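The sequence lines fix the lettering, A, B, ..., with proteins before strands; numbering per chain opens at 1. These figures come from a predicted structure and were not determined experimentally.
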Amino acid sequence: MHMADALISPAVGGSMLAVTAGLIGYSSKKLKENLDEKVIPLMGVLGAFIFAGQMINFTIPATGSSGHIGGGMLLSILLGPYAAFITIASVLIIQAFFFADGGLLALGCNIVNMGLFPCFICYTLIYKKIVRGSVDRKKIFIGTTLAVVIGLQMGAFSVVLETIASGISALPFKTFVLLMQPIHLAIGLVEGIATSAIILFIYNAQPELAAGPAGINESVSVFPAKKVFIGLIAGTIIVGGMFSWFASTHPDGLEWSMFKTAGVEELEGPEHGVHSLLGIIQKKTAFLPDYSFRVSENAPKEEGEAVWPSVNAGTSVSGIVGGVLTLLLALLAGFLLKKRKKVAGNN
Amino acid sequence: MAGITIPAIYFPEIIISKIESSLQSLGYMDLLSYQDTALHKIDPRAKFITSLFFILTVVSFGKYEISMLMPFVFYPVFLLTAGNIPAGYILKKILYVSPFAFMIGVFNPFFDQNVILHLGNTGISGGWISFISIMLRFALTVSTALALIACTGFNNICFALNRLGAPKIFAVQLLFLYRYIFVMAEEAARMVRARNLRSFNGKGKGIKTYGPLLGNLLLRTINRAERIHLAMICRGFDGNIRIMNKYKFGLRELFFVSGWISLFLIFRFINISQLAGILVTGLFI
């Protein structure tokens, strides 16, 4: 459920990145306040453990498929929410860079979906509430599984919200929700059982590790939810506003295409080749960002044969030809440069 | 015994597990980042900022945009060429991770059937156009992220993050994490191999062995972290890790960043593809 750059808008990606940066800064500050310096290598190595552990599968009986751990909840139980959040964010960063799971702009979305919900919300509000007082196996099992399942449901729902808010996918909200939530209920159950199997093993072997954050002062594991959320919402609004100019410089694609269907009426003398190119450059400088005005002006051929919806064929064809040409040119440039380099290397 | 040699293909999991192949690709990307091209020598901050701006610009287009995205291909191609990174390898990686964007994008043709483009007699619906646009964005952003890491190296990215204001604790444990991924993944790969070799017909791979398997790995991990910490104290660790600063943000970096960013802005607001198309169709057709 890693979000991809291709599916989000700058406003959504930017605000989520800002939220993430804020949370990482806040968590680091909290950790620094009562830092047991032992925790830095522990976080790093546990992050590597999660990374490797996610690739070890177990078979699920009667389905033929296999499952693995998620990570956020396991880290929270072992390290407390702040250190866990930083660690899971790091794991996601490495996955984004090396395996292109998600993307750089979508990183904020992914860290929120897979870090914020399990570490801050489900760990503090579900796991901690169930597993307290006298700890036993049943409490650990129920607490862990429930927290993982709900965390994943929140994450999946958040994927839906981010995708819908970005407006790149045409999936309707209801269909998308019905698609995501049940799948992630099943995945959540599997991840929850896997996570509790590990925690239960640790509880048997070294109960003090499973009982609370290792090597971290207990006070650090309390999360002032209200304060942080007010900050988060404020940050989202500010950054969302800042980034939205990016999105609004151009009309939405649909409006643009509607203009094209309706607005092709102004015809001028035939313009071809270099002449039209110069004309267009000149017009471009006049109307700069509003390209909905430009598109209609270079296709005089369409006169009289306006079949509905009369999209300007001339423009489309030149767009396609030019697009393919640009692509080829870029690839060719790369190829030639590489070849030249090789020749130079041989000399 | 000559008649019963079993082709290796029957045991793909034993021959090479998922962990090992991930480890291999991680190691290969790491290796690429140790090259010594002019691009590798540029301050990581410059490459990081430029690539982030690139991604931001690419995703800022409306959902039906295809032709204006084309010129953006120049940037990843430049990174791959100047950084001497094998393009085929990066392409393979892009294909390997495409399922999520594909799965979400492929619904567009079903839900958005308004015909918005005519090519001869065939109408092309908005859904198909936005689907192509999604896949194009996907290829552009992913190839840039992969090329960035291959021409910069993860340690330098951590350095850049730190210098750009990320908290030190965060940067330092990111470095730790990266260093120990190689160690942990090798250990995990050995465990998986051992389990596979002892399992017949898929038996013994269920949750019953999984818990203790990962639990043991986890306990060893925690012990390892303690040893590492002790070793660090022996070498004078005082809670502060000093990251060496071997780069300088100089004139070259300034040119790199401002040059590319202005190019992205030109690509963003002027439809180069269409201009080229008009030029060509006007001259030859």
Give, as side chain, backbone, both or neither, the part of L148(B) having an atom under 4.5 angstrom from any heavy atom of chain A. side chain
side-chain contact (heavy atoms from CB on, under 4.5 Å) between I222(B) and I202(A): does it pass, once the steps are laid out? CA-CA 11 Å; I222(B) 293 169; I202(A) 299 287; 5.5 Å; no
At a heavy-atom distance under 4.5 Å, which candidate from I193(A), T87(A), V190(A), N57(A) has the highest pair count against chain B? N57(A)
Which is it for F107(B) and S169(A) under the side-chain contact (heavy atoms from CB on, under 4.5 Å) test, yes or no, and what are the steps along the way? CA-CA 8 Å; F107(B) 283 101; S169(A) 158; 5.7 Å; no
If I measure from the heavy atoms of chain A, does I233(B) come under 4.5 Å with its side chain, its backbone, both, or neither? side chain
Stepwise side-chain contact (heavy atoms from CB on, under 4.5 Å) test for D5(A) and R137(B): CA-CA 8 Å; D5(A) 279 352; R137(B) 282 156 208 259; over 6 Å; no
Contact part of T221(B) toward chain A, heavy-atom cut-off under 4.5 Å: side chain, backbone, both or neither? both
Chain A contact via I228(B) - which portion, at a heavy-atom distance below 4.5 Å: side chain
With heavy-atom distances below 4.5 Å as the criterion, would you say the side chains of I69(A) and Y210(B) are in contact? yes
Most heavy-atom pairs under 4.5 angstrom with chain A, which of V142(B), I134(B), V58(B), I207(B)? I207(B)
Non-hydrogen atoms of chain A under 4.5 Å away: do they reach the side chain of E226(B), the backbone, both or neither? side chain
Measure distances from Y28(B) to the heavy atoms of chain A and classify the residue's part below 4.5 Å as side chain, backbone, both or neither. neither
Any heavy-atom pair between the side chains of L219(B) and F201(A) that's under 4.5 Å? yes
F58(A) portion near chain B, given a 4.5 angstrom heavy-atom threshold: both
Side chain proximity check, L218(B) to L46(A), heavy atoms < 4.5 angstrom: yes
Name the member of I55(B), L23(B), L213(B) that forms the most heavy-atom pairs with chain A at distances under 4.5 Å. I55(B)
Please classify the contact of L136(B) with chain A as side chain, backbone, both or neither, using a heavy-atom distance under 4.5 Å. neither
Which atoms of I85(B) are under 4.5 Å from chain A, going by heavy atoms: the side chain, the backbone, both sets, or neither? backbone
Best-contacting candidate, S90(A), A194(A), A197(A), against chain B by heavy atom pairs under 4.5 angstrom: S90(A)
Heavy-atom contact with chain B under 4.5 Å, split by part of F99(A): both
Under 4.5 Å heavy-atom distance to chain A, tell me which part of L146(B) shows up: side chain, backbone, both or neither. both
Residue part contacting chain B, namely of V91(A), when any heavy atom lies under 4.5 Å: both
Looking at residues at least two apart in the chain, or sitting in another chain, which of them share a ring pair (Phe, Tyr, Trp, His ring centres under 6.0 Å) with F98(A)? F154(B), Y178(B)
Max heavy-atom pairs within cutoff under 4.5 Å with chain A, candidates M184(B), M191(B), Q173(B), goes to Q173(B)
Using heavy-atom distances under 4.5 Å, tell me whether I157(B) contacts chain A through its side chain, its backbone, both, or neither. side chain
